[in-house]
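What follows is a short report on a single structure.
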Number of protein chains: 2
Amino acid sequence: MTPSPATGPTLPAVSDAELLRLDHQVCFSLHAASRAFGGVYRDALKDLGLTYPQYLAMLVLWEHGPQPVKAIGEQLRLDSGTLSPLLKRLETAGLVRRERSAADERSVTVRLTEAGEEMRERALPVPRKILAATGLSVEEVLGLQGLLGRLTSALDEAQGQSGASPEPVRG
Amino acid sequence: MTPSPATGPTLPAVSDAELLRLDHQVCFSLHAASRAFGGVYRDALKDLGLTYPQYLAMLVLWEHGPQPVKAIGEQLRLDSGTLSPLLKRLETAGLVRRERSAADERSVTVRLTEAGEEMRERALPVPRKILAATGLSVEEVLGLQGLLGRLTSALDEAQGQSGASPEPVRG
DNA sequence: CCCGATTAAGTTGCGCACAACTTAATCGTG
DNA sequence: CACGATTAAGTTGTGCGCAACTTAATCGGG
């Protein structure tokens with residue numbers, strides 16, 4: 001209800017100070033939800049000895065089979081700086097093998113081992129545990145997924161059009 | 001539509017394999033949304049020289065004034081292992097001071113400096129940038145916030161009741 | 001009053017995320 | 001064919017998140 005100083009480009013009906021308070025709530029909510037999810041996955045994945053991002057990588061391999069690091073990175077939106085050490089750890093654990101492609105020596109194909117394939121069976125009950133932990137119905141989850149998808153697209157779209165300035169706070 | 005083997009405790013109408021595929025989508029969606037948000041905040045906060053979690057800590061201090069590390073941690077759900085170095089960086093940057101409480105020598109009170117207080121003015125336009133980047137209305141944001149809040153509560157509730165097993169995959 | 005339990009903050013170690021960079025292979029155009 | 005541009009993967013450095021641990025102060029029961 002409070003009139004705005006009309007600073008922003010999108011919405012006129014909320015003041016900056018109110019938005020700052022709202023932001024406190026919203027960005028924190030997302031941050032907290034993401035970490036709460038992480039905690040539940042940590043529990044659910046203890047049996048498999050996987051971290052959450054490692055599980056994501058295994059999901060991609062279970063679903064789409066052997067593929068280059070690049071392709072995994074595109075599906076998970078992760079770059080080689082994150083994926084290379086992660087995949088190396090999965091290889092050390094005996095779950096995947098990595099081999100240079102013959103056709104293109106720059107590319108490395110990641111492939112599940114026997115143990116990696118077998119782990120899929122043990123991973124089957126994980127999603128149900130997670131779903132139960134959310135307390136949401138499948139329909140609500142699908143709705144959330146849709147909203148998050150639109151959100152991510154919009155955020156990606158909006159990225160990289162601001163002015164640069166000082167360095168982040170370092171110790 | 002496919003009938004389920006009726007394994008899980010909550011929902012009967014979806015098979016484990018379908019859930020594994022769904023999980024691929026959902027947990028990835030949340031992960032991706034969280035990181036996309038991080039990217040947009042990174043842009044918006046460049047001017048201030050703050051990271052996203054540093055911004056969260058500043059929001060708490062702007063809104064609620066000087067308080068012990070413990071209290072900040074409760075609001076952000078972060079422990080001292082994360083907060084101590086983060087606050088130390090904010091102190092190095094001249095934004096906060098940390099001083100032992102006289103009443104309880106175990107406690108450390110975190111307090112904004114002049115520079116820290118002044119930064120609030122420069123932070124006012126940030127939330128509007130974020131809101132614009134989401135492409136959502138204030139109402140939708142509030143709805144999302146509510147859903148995420150319920151989700152986080154449920155996830156926290158559900159945490160810590162599973163069986164332990166091997167170590168995570170280490171290199 | 002004393003001593004074990006609890007509590008606040010900090011430290012260490014590991015994995016993830018990301019920016020910036022390096023290395024090596026492939027592509028494309030003259 | 002030659003050579004600069006592009007591309008895939010990996011490396012380095014910084015910060016966050018969390019578990020496990022340490023240190024020091026406070027609390028509480030005998």
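Convention: sequence-line order gives letters A, B, ...; per-chain numbering from 1. Computation of the quantities below employed the complete heavy-atom set of this structure, encompassing side-chain atoms and omitting hydrogens, waters and symmetry-equivalent molecules. Since the model is a prediction, treat every value here as computed from it, not as a measurement.
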Inset, instruction - Would you mind reading off the distance between B:Gln54 atom CD and D:dG17 atom C1', rounded to a whole angstrom? - result: 14 Å
Inset, instruction - Round to the nearest Å and state the distance from A:Leu78 atom CG to C:dA17 atom P. - result: 5 Å
Legend entry - Length of the line joining B:Leu76:CG and D:dC18:C1', which is rounded to integer Å: 15 Å
Inset, instruction - Figure out the CD1/P separation between A:Ile72 and C:dA17, and round it to whole Å. - result: 14 Å
Legend entry - Contact state string [nucleotides 6-12 of chain D, B base, S sugar-phosphate only, - no protein heavy atom under 4.0 Å]: -BSBBB-
Inset, instruction - Could you walk me through whether B:Phe28 and A:Leu59 pass side-chain contact (heavy atoms from CB on, under 4.5 Å), step by step? - result: CA-CA 10 Å; B:Phe28 164 68; A:Leu59 281 176; over 6 Å; no
Legend entry - Interatomic distance, B:His31 NE2 vs D:dG17 C1' [rounded to whole Å]: 12 Å
Legend entry - Validation row: A:Leu78, A:Leu56 side chains within 4.5 angstrom (heavy atoms): no
Legend entry - Touch class at under 4.0 angstrom, heavy-atom based, for A:Ala57 against every strand present: nothing
Inset, instruction - Output all residues satisfying ring pair (Phe, Tyr, Trp, His ring centres under 6.0 Å) with A:Tyr52, sequence neighbours left out; order by chain, then residue number. - result: A:Tyr41, B:His31
Legend entry - Ionic contact status for A:Asp43 with A:Lys129, cut-off 4.0 Å: no
Legend entry - Length of the OH-P vector between A:Tyr52 and D:dA19, whole Å: 16 Å
Legend entry - Nucleotide D:dC18, atom P - distance to CG of B:Leu86 in whole Å: 13 Å
Inset, instruction - List in chain and number order the residues that pass salt bridge (charged side-chain N to carboxylate O under 4.0 Å, His left out) with A:Asp79, two or more places apart in sequence or in another chain; answer none if no residue qualifies. - result: none
Inset, instruction - Check the pair A:Arg128, A:Leu131 against side-chain contact (heavy atoms from CB on, under 4.5 Å), reporting the backbone distance first and the verdict last. - result: CA-CA 5 Å; A:Arg128 203 174 294 273; A:Leu131 185 57; 5.5 Å; no
Inset, instruction - Write down the distance between NZ (B:Lys46) and P (C:dC18), rounded to a whole number of angstrom. - result: 15 Å
Inset, instruction - Quick one: list whatever passes side chain to side chain contact (heavy atoms under 4.5 Å, CB included) with A:Ala154, sequence neighbours left out. - result: none
Between the protein and nucleotides 21-23 of chain C, list the N/O to N/O atom pairs that are separated by less than 3.5 angstrom.
none

Inset, instruction - Step by step, work out the side-chain contact (heavy atoms from CB on, under 4.5 Å) result for B:Gln67 and B:Leu61. - result: CA-CA 8 Å; B:Gln67 54 196 297; B:Leu61 290 167; 4.2 Å; yes
Inset, instruction - Go through the structure and list residues passing side chain to side chain contact (heavy atoms under 4.5 Å, CB included) with A:Arg100, not counting sequence neighbours. - result: A:Glu105, A:Val108
